[in-house]
Number of protein chains: 2
Amino acid sequence: MQQLTCKLQKVYNWLQANLYPGMTVRNFGEIEGIAVGTEFDSRAALAASGIHKPTQAGISGSSTAGADSVVVSGGYEDDEDYGDYIIYGGQVSHDPNTKRQIADAELARGNLALVVSYNRGLPVRVTRGLGSRKHTYRYDGLYQVERWWADRGKSGYKIYCFALRKIDDQPISTPAGELPLPSSNLEPNLVKAYTTRTVRATEASELVKKYHDHICQTCSTRLDRLGGAYAETAYLRPIGRPHNGPDTPDNIVCLCPNCHVLFDSWAFTIEDDGTLAGVLEGTVNEARGHALNKDHLAYHRRLFLQAQG
Amino acid sequence: MQQLTCKLQKVYNWLQANLYPGMTVRNFGEIEGIAVGTEFDSRAALAASGIHKPTQAGISGSSTAGADSVVVSGGYEDDEDYGDYIIYGGQVSHDPNTKRQIADAELARGNLALVVSYNRGLPVRVTRGLGSRKHTYRYDGLYQVERWWADRGKSGYKIYCFALRKIDDQPISTPAGELPLPSSNLEPNLVKAYTTRTVRATEASELVKKYHDHICQTCSTRLDRLGGAYAETAYLRPIGRPHNGPDTPDNIVCLCPNCHVLFDSWAFTIEDDGTLAGVLEGTVNEARGHALNKDHLAYHRRLFLQAQG
């Protein structure tokens, strides 16, 4: 497997060097070999590590794939850094000397990339510029775009804001005297809430969403929103113990959130010919290249029937 | 505030003692003063602590409020314990000597209470019976019902199964030689997934859902399912920095998941008179006792307009 990966990498490197010189690889999530807390003495070194490839831009990303990384440099008037929670002022046109914003921000490029990351729940690497030591940067781990909005910044121009929340609960390593990071208790307005629903996605489920263009397979709803449509997926034969269903497209249906809630509570199931049974009527939508496995359909029907009491 | 709480507690105690002798308080979540890892030498001691009040039943809960606690005693044929992940075989009629199941389980009482906990995302306290030392129990922290299903158990009778996942990432303290808990890596089929959406609720948002009987305020959808309907809520003026909206019913709308996704992406807003603007048409549903605050509505409209680019 490692050999194959190695060979594929060589083929890829060749293709990149010879066919698409401008093409860049976008890696979401951790970069192998780069621990949280690693410091870099220049943007060039940071770029070479793969953590954040652009050497100038604060946001690494594309408006189709999403943003994989941001550099929070400090000093920008609309950024607020609370350690585990960052309000990131997005991409703006600013005066290079004063760092003051000089025009309205747009929902394009970097800002749109972060909206796409929000839409898809993609992890964003956060690197902080260490203000106390010029040209020093520290990779601080993965964050998620919890919310985005647009507002007037301190300059009076429009800005796009992104609330970034650290994904894991690991404290950020802060060498003494380096960067006075506020403690994670610095958000006094945090309301005590409990989680009622968590939606996760994998590579296979993203593929299924693409096959169906984010249209619900059972009710044909498509939730269009800025930065792309939203859909969820569900497994016919659940993954994990004790069902041990596979994470493959033939075990996955594309659903809108409403149908997903019903699906998870055994309110409907699907016959071999695609007919819906239970509280939903009609037939499941098909898409080229995406067929549901009959064994997994049968597995779901069995659990559906058992759950009916 | 502490004084007031104390006084209310006294009033409550008096009411409970004098008016509703059979009434029980159902506390969800942590019990103050009882640390994770605390051991008890009897079910009576466990009950007295408030962790798990019934002295016989494995599930503490009601079919209306949900289950607040379970005791995983070990030895039941359909339970599987992987430490951070437990497959709990639910409530069954069993032979007290052999512990073998002697009839089909029903979706009622304890089992229904756990389905309600799943529906509402309520935290469930887990206490383990320590097999190596008879009559010893250890409180092991908060779990969430990740999924439920029904199946045939090893006995051939019907069982309800509940996959319980530990809420926090704190490792379970396991005194050497006490209870050979498997490591949390014991779920090899765990698929690498990322979170695309997390839905949280507070006391205030639960109240708003009740006001509206779980009917979406914008599209009137009500997602009925076993154990109760499902709805979500959203804040007009977002809570947390920098918006600092309050967690109060007049700042909260009751939405179905689909409309919630649109709401969070600034696809629609609400006028003072309840008219919907943006991609949704019509008027917001009203409910007795639930009025939306005009300042918060104006705050949302301002952010909605800014986001339109």
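Order of the sequence lines sets the chain letters (A, B, ...), proteins ahead of strands, with each chain counted from 1.
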Does any non-hydrogen side-chain atom of B/W149 lie less than 4.5 Å from one of A/H243?
-> yes
Find the one option among B/C259, B/P257, B/G29, B/A105 whose heavy-atom pairs under 4.5 Å with chain A are most numerous.
-> B/P257
Taking the side chain as every heavy atom from C-beta outward, state whether B/L226 and A/S265 have any pair of such atoms under 4.5 Å apart.
-> no
Which region of B/Q144, side chain (C-beta onward) or backbone (N, CA, C, O), has a non-hydrogen atom less than 4.5 Å from a non-hydrogen atom of chain A, or is it both or neither?
-> side chain
Side chain to side chain contact (heavy atoms under 4.5 Å, CB included) involving B/A267 - partner list, sequence neighbours excluded = B/L262, B/V279
Count the heavy-atom pairs under 4.5 Å between each of B/R302, B/Q308, B/E80 and chain A, then report the option with the highest count.
-> B/R302
Relative to chain B, which of A/P123, A/P242, A/C161 shows the most heavy atom pairs under 4.5 Å?
-> A/P242
Name the region of B/D104, side chain, backbone, both or neither, that has any atom closer than 4.5 Å to a heavy atom of chain A.
-> neither
Donor-acceptor contact present, side-chain A/W148 to main-chain B/A307, <3.5 Å | no
Segment of B/Y230 engaging chain A (4.5 angstrom heavy-atom cut-off) | side chain
Turns out that what part of B/S205 lies under 4.5 Å from chain A's heavy atoms comes down to neither
If you count the non-hydrogen atoms of other residues, nucleotides and ligands that lie under 6.0 Å from NZ in A/K210, is the total more than 12?
-> no
Hey, are A/R225 and B/D264 close enough for a salt bridge, meaning a charged N less than 4.0 Å from a carboxylate O?
-> no
Which answer fits B/F304, side chain, backbone, both or neither, if we ask what part of it has an atom under 4.5 Å from a heavy atom of chain A?
-> neither
Please walk me through it: do A/V199 and B/T195 pass side-chain contact (heavy atoms from CB on, under 4.5 Å)?
-> CA-CA 6 Å; A/V199 183; B/T195 304; over 6 Å; no
Given side chains that start at C-beta, do those of B/D151 and A/L303 come closer than 4.5 Å, heavy atoms only?
-> yes
Going by residue number, which parts of residues 113-121 of chain B are within reach of chain A, meaning a heavy-atom gap below 4.5 Å?
-> B/Y118, B/N119, B/R120, B/G121
So, the part of B/H260 with a heavy atom under 4.5 Å from chain A: the answer is neither
Of all heavy-atom pairs linking A/A150 and B/Q306, the shortest is O-CB, 3.2 Å
Distance col, row B/L122:CG vs A/T196:OG1, nearest 0.5 angstrom, shows 9.5 Å
Side chain from CB out, backbone as N, CA, C, O: work out which of these in A/F28 comes under 4.5 Å of a heavy atom of chain B, or both, or neither.
-> neither
Proximity breakdown for B/R152 and chain A, heavy-atom pairs closer than 4.5 Å | both
May I ask you to check whether A/Y82 and B/R241 show a side-chain donor-acceptor distance below 3.5 Å?
-> yes
Looking at B/L305, B/V261, B/L107, which has the largest count of heavy-atom pairs under 4.5 Å with chain A?
-> B/V261
Is the shortest heavy-atom distance from the side chain of B/E206 to the side chain of A/Y194 under 4.5 Å?
-> yes
